[in-house]
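One structure is given here, and the rest of the page talks about it.
Quantities reported herein were computed from a predicted structural model and do not represent experimental measurements. Ligands are counted one by one from 1 in listed order, and the atoms in each one are counted from 1 as well.
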Amino acid sequence: MTTISTIEDDPALGRPASAGTPAFPGTEPDRNCPLCPRLAAFREATRAREAKWFNAPVPSFGHPDGRLLIVGLAPGLQGANRTGRPFTGDFAGDLLYATLLDYGFAKGIYQARPDDGLALIDCRISNAVRCVPPQNKPQPSEIKSCRPFLSATIETMPRLCAIVALGRVAHESTLKALGIRSSAAPFAHGAVHQAGVRKLYDSYHCSRYNTNTGVLTPKMFRDVFARVRADLA
Ligand code: SF4
């Protein structure tokens, strides 16, 4: 069941952002960002082992003028970390992009590679943590270190009015980026939190584990985007 809570917006988020694409200063980390020593070491080890993979902080995908921002957890080792595009190349991307295509937030054919020509419509995808973490588990200090890039991404989307957080970590980091207390907007699949002119929509992460265990069904996931689509019509 959908719940709606009201939370205060951060006035700072209303400030105008420059036009342009693909990135504004502060939105994309350096390829060799050193802020998380554990993740930097993991990145280097993966570069040594898989020289043809992307193996760097994965940039956001989609134009900053989009009204919808999807925030994931972090790149998957053999997904975005390999291909260089969020949610591209692993199971989570299959469900996410199929859903975005169905609801008009993408066009083209998703072929699990960054040169497949798929384009996002009115939508952008980013991650709470830009570097692949071992076992898909970033540490709290790493989520905190990467938050300025998420904050900058949010702040430089002048038309942003809908954010879909995929999973609790993305939800919590997005709340902090928005300057909102966790207690004011508890995570729950299907919850919608009003934040001034914006809404934050919660979904369980579309990971293979969540779908294989039935925590998240394709219908549950589609229902979240159906709600977003209706609100952005
Ligand atoms: S996760 Fe973010 S802050 Fe940490 S090293 Fe990667 S880009 Fe830098």
Side-chain angles (χ1 to χ4, degrees), residues 10 12-13 17-18 20-64 66 69-93 96 114 120 124-157 160 163-180 182 187 200 205-209:
D10 182 346
L13 297 178
S18 311
T21 188
F24 296 108
T27 61
E28 300 301 333
D30 183 83
R31 177 172 172 79
N32 295 308
C33 179
L35 295 177
C36 306
R38 185 182 77 115
L39 300 190
F42 190 61
R43 196 172 63 209
E44 287 304 319
T46 310
R47 282 177 184 173
R49 196 181 68 246
E50 302 287 355
K52 293 185 178 178
W53 289 10
F54 185 74
N55 295 323
V58 175
S60 300
F61 177 36
H63 199 282
L69 175 66
I70 298 165
V71 181
L73 169 59
L77 179 62
Q78 298 191 45
N81 176 68
R82 176 175 60 83
T83 65
R85 192 175 73 179
F87 288 90
T88 297
D90 57 14
F91 178 87
L96 176 61
L120 299 181
R124 201 172 197 206
I125 305 174
S126 195
N127 277 314
V129 173
R130 300 296 189 93
C131 292
V132 57
Q135 284 84 50
N136 295 323
K137 289 181 180 161
Q139 296 176 346
S141 63
E142 295 161 349
I143 299 166
K144 182 178 180 182
S145 291
C146 214
R147 190 169 304 120
F149 300 109
L150 175 60
S151 298
T153 299
I154 291 171
E155 291 171 9
T156 52
M157 292 183 69
L160 181 64
I163 302 174
V164 174
L166 300 179
R168 189 179 299 273
V169 170
H171 168 91
E172 293 292 336
S173 199
T174 299
L175 285 184
K176 287 187 171 68
L178 292 170
I180 294 166
S182 296
F187 176 82
L200 173 63
H205 194 282
C206 49
S207 66
R208 182 191 294 273
Y209 178 83

request  = Compare all side-chain heavy atoms of Arg82 with those of Pro75 and state whether any distance is below 4.5 angstrom.
outcome  = no
key: Leu77 to Trp53 - nearest heavy-atom pair and separation   = O-CZ3, 3.6 Å
task = With heavy atoms of Val129 as the reference, note each atom of ligand 1 found under 4.0 Å away.
result = 1 (S)
ask   = Between Thr83 (side chain) and Thr88 (backbone), is there a donor-acceptor pair under 3.5 Å?
value = yes
request  = Please could you name the atoms of ligand 1 that Pro57 approaches to less than 4.0 Å, counting only its heavy atoms?
outcome  = 7 (S)
note = On a heavy-atom basis, the closest approach of Cys206 and Leu96 is SG-CB, 4.2 Å
key: For Pro29, the ligand 1 atoms whose distance to one of its heavy atoms is below 4.0 Å   = 7 (S)
Numbering as shown, the atoms of ligand 1 that approach Ser145 to under 4.0 Å (heavy-atom distance) = 3 (S)
task = Check whether NZ of the Lys or CZ of the Arg Arg168 lies under 6.0 Å from the centre of the six-membered ring of Phe187 and within 45 degrees of that ring's axis.
result = no
query = Where's the contact between Cys36 and ligand 1, heavy-atom distance under 4.0 Å: side chain, backbone, both or neither?
reply = both
ask   = In terms of atom number and element, which parts of ligand 1 are under 4.0 angstrom from non-hydrogen atoms of Leu39?
value = 1 (S)
inquiry  = A side-chain contact here means heavy atoms from C-beta on lying under 4.5 Å apart; do Pro64 and Thr156 qualify?
reply    = no
query = Which residue supplies the protein heavy atom nearest to atom 2 (Fe) of ligand 1, what is that atom called, and how far is it?
reply = Cys146 SG, 2.3 Å
ask   = Would you call Ala40 a ligand 1 contact, heavy-atom distance under 4.0 Å?
value = no
note = protein heavy-atom neighbour closest to atom 8 (Fe) of ligand 1 works out as Cys33 SG, 2.2 Å
ask   = Is there an N/O/S atom in Cys131 at a distance below 2.8 Å from atom 6 (Fe) of ligand 1?
value = yes
request  = Quick one: closest heavy-atom pair of Arg147 and Ala177, and the distance?
outcome  = CD-N, 3.8 Å
